[in-house]
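Below is one structure, written out as structure tokens, with a few remarks after it.
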Amino acid sequence: MPELPEVETIRRDLAAHLVGRVIDSVQLSREDILLETAGDDIVESLQGLTVTEVRRRGKNLIIDFEVQFALLVNLGMTGQLFVCGAQDELAEHTHMVAELSGGGRFVFRDVRRFGHIELVGADRVGESVTLRNVGVDAMSEGFTPEYLAEVLEGRTAILKSALLDQSRLAGLGNIYVCEALFRAGVHPEARCCDVTIDEIQRLHQAIREVLEESIAAEGTTISDYVTGRRVPGSFQERLEVYGREDEICRRSGCEASIMRIVQSNRSTFYCPGCQRGTRQQE
DNA sequence: CGGACAACCTGGTTGC
DNA sequence: TGCAACCAGGTTGTCC
């Protein structure tokens, strides 16, 4: 679920509701959600610490504490991280609950448990298992058309796969890759090395725009995703290709039906009318 | 290097 | 109604 816009939305909520708060106590109901971290360690280390900042890199959250620690969170497919009232009922699959001094709770919940939490010293954030292979963030200043060109240059790999590779460009997942390729009018099966300069420019702009618009809509809720205040996002109403197989393309003047194909075992949605590109001309 | 695929999990939907 | 098969937004590792 959570791609860059969803994680950014959660980050903003947590920044607003968690920064300055003190962790009173931590309850961990299962340890297998921890990465490179011992259960006792996290419970003992976090107690009494104040949250100073909440950052994001790609689809990962970094929660910084006043004293030497950072909590790194990847939400996987169904992970949720939110702040709620101290009396709110804890849903099934809640794995970690931090009681906040002055009331309220900070909760990690994850049905499928693909998500994980890692506790590291503040000086070890970059070398952490969670972040060490995370590349340039798609909303950062480092993500320029030139950088995108560099990522794609000379590679025979399939474009969609390359855009999903978090070690190069961090933040895109299956939904926004499909949406960005549609907006740019580029075919998902194109080879990286065949993408033209013009297409790279359009793709760069499309990626930025779709991410910005989704952040403004607080993300896409299809099943599990909720914001850091536990409400759904609304960008699902504005998806143009994702999940729209056999429906008519929304671009005016185009009457093609959206197609679904499988690439690397995952669904890709695109419009055969709008996204022609190299592959189609072969 | 890259691509195909399985694995990690649970739950919802589909089809027989 | 029951049950099996399949599907899902992510990441990692293996094998070829």
Side-chain angles (χ1 to χ4, degrees), chain A residues 1-10 29-36 56-61 72-81 91-95 108-118 128-135 137-138 150-182 188-194 210-211 214-215 217-227 232-245 260-269 279:
Chain A
M1 89 191 5
E3 304 180 33
L4 190 152
E6 290 74 35
V7 179
E8 175 61 18
T9 300
I10 293 168
S29 1
R30 53 187 310 157
E31 300 202 0
D32 58 3
I33 55 131
L34 299 178
L35 187 66
E36 305 275 310
R56 181 187 59 72
R57 260 187 71 187
K59 303 173 190 172
N60 303 280
L61 284 164
L72 312 178
V73 185
N74 183 290
L75 297 169
M77 299 263 262
T78 55
Q80 301 176 334
L81 206 53
E92 199 181 357
H93 308 294
T94 294
H95 307 309
F108 174 70
R109 173 171 185 258
D110 186 0
V111 173
R112 288 175 73 179
R113 305 207 305 278
F114 286 179
H116 57 75
I117 294 177
E118 181 179 8
S128 65
V129 173
T130 301
L131 294 175
R132 66 187 176 195
N133 291 324
V134 177
D137 187 274
E150 195 183 308
V151 165
L152 304 181
E153 190 181 11
R155 295 177 63 198
T156 56
I158 299 299
L159 178 60
K160 188 203 178 199
S161 309
L163 294 174
L164 284 172
D165 182 349
Q166 302 297 300
S167 70
R168 293 184 161 95
L169 178 59
L172 293 181
N174 209 31
I175 295 178
Y176 298 108
V177 164
C178 292
E179 295 297 313
L181 286 166
F182 170 76
E189 290 179 300
R191 293 204 174 269
C192 295
C193 54
D194 293 335
V210 75
L211 295 177
S214 183
I215 290 168
E218 301 198 296
T220 300
T221 295
I222 290 174
S223 57
D224 302 86
Y225 162 71
V226 289
T227 72
S234 65
F235 198 72
Q236 62 279 6
E237 295 161 16
R238 301 192 18 215
L239 297 175
E240 293 176 296
V241 287
Y242 186 84
R244 298 194 65 241
E245 183 179 15
R260 186 182 82 95
I261 56 174
V262 175
Q263 293 179 282
S264 305
N265 263 337
R266 310 183 67 189
S267 293
T268 297
F269 298 88
R279 179 60 179 240

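Note on naming: letters A, B, ... go to the chains in the order of the sequence lines (proteins, then strands), and numbering restarts at 1 for each one.
Rounded to an integer number of Å, the gap from Lys160(A) NZ to dA4(B) C1' is 14 Å. Put simply, CD on Gln263(A) is 15 Å from P on dG2(B), counting in whole angstrom units. Whole-Å rounding puts the Arg168(A) CZ to dT11(C) C1' distance at 16 Å. Atom CG in Asn265(A) sits about 14 Å away from atom C1' in dT11(C), given to the nearest Å. Nucleotide dT11(C) holds its C1' atom 13 Å from the CG atom of Leu131(A), rounded to whole Å. Remark: P of dC7(C) and CE of Met77(A) are 13 Å apart, rounded to the nearest angstrom. In this entry the distance linking NZ of Lys59(A) with P of dT12(C) reads 10 Å, nearest Å. Between the CG atom of Asp165(A) and the P atom of dT11(C) there is a distance of 10 Å, given to the nearest Å.
Taking the P atom of each, dT10(B) and dT1(C) are spaced 26 Å apart, rounded to whole Å. Nucleotides dC8(B) and dC3(C) are separated by 24 Å at their C1' atoms, to the nearest Å. Atom P of dG2(C) sits at a distance of 28 Å from the matching atom of dC9(B), rounded to the whole Å.
Using a cut-off of 4.0 Å between Lys/Arg side-chain N and Asp/Glu carboxylate O, Asp137(A) and Arg56(A) are scored as salt-bridged. Arg191(A) and Asp194(A) are not joined by a salt bridge, as no carboxylate oxygen comes within less than 4.0 angstrom of a charged side-chain nitrogen.
Using the six-membered ring where Trp is involved, Phe108(A) and His95(A) have ring planes that are tilted, between 30° and 60° apart.
Two residues, Asn133(A) and Ser267(A), neighbour DNA chain C, and the one matched to the more 5' nucleotide by heavy-atom proximity is Ser267(A).
Pairing analysis of DNA chain C (Watson-Crick: purine N1 to pyrimidine N3 plus N6-O4 or O6-N4; G-U wobble: N1-O2 and O6-N3; both under 3.5 Å) yields stems of 3 or more pairs at B:2-8 with C:10-16, B:10-16 with C:2-8.
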Using nucleotides 8-10 of chain B, report all nitrogen or oxygen pairs with the protein that are shorter than 3.5 Å.
unit_1	atom_1	unit_2	atom_2	d
dC9(B)	O3'	Arg113(A)	NH1	3.4
dC9(B)	O2	Arg112(A)	NE	2.9
dT10(B)	OP1	Arg113(A)	NH1	3.3
dT10(B)	O3'	His93(A)	NE2	3.4

Derivation of the side-chain contact (heavy atoms from CB on, under 4.5 Å) call for Glu118(A) and Leu34(A): CA-CA 6 Å; Glu118(A) 181 179 8; Leu34(A) 299 178; over 6 Å; no

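Checked by atom type and distance alone, the side chain of Glu179(A) pairs as donor or acceptor with a backbone atom of Glu240(A) at under 3.5 Å.
Residue Asn74(A) is classed as a sugar-phosphate contact, given heavy-atom separations below 4.0 Å to backbone atoms only.
With sequence neighbours left out, Gln166(A) forms a side-chain contact (heavy atoms from CB on, under 4.5 Å) with Lys59(A), Ala170(A).
An OP1 or OP2 oxygen of dG2(B) is reached within less than 4.0 angstrom by a side-chain nitrogen or oxygen of Arg155(A).
Contact detail for Asp110(A) and Gly115(A): the closest heavy-atom pair is OD2-N, 2.8 Å.
Checked against Asn174(A) for a side-chain hydrogen bond (donor to acceptor under 3.5 Å, both in side chains), the options Lys160(A), Gln263(A), Glu3(A) give a single hit: Lys160(A).
In Glu245(A), the CD atom is crowded: over 12 heavy atoms of neighbouring residues, nucleotides or ligands sit closer than 6.0 Å.
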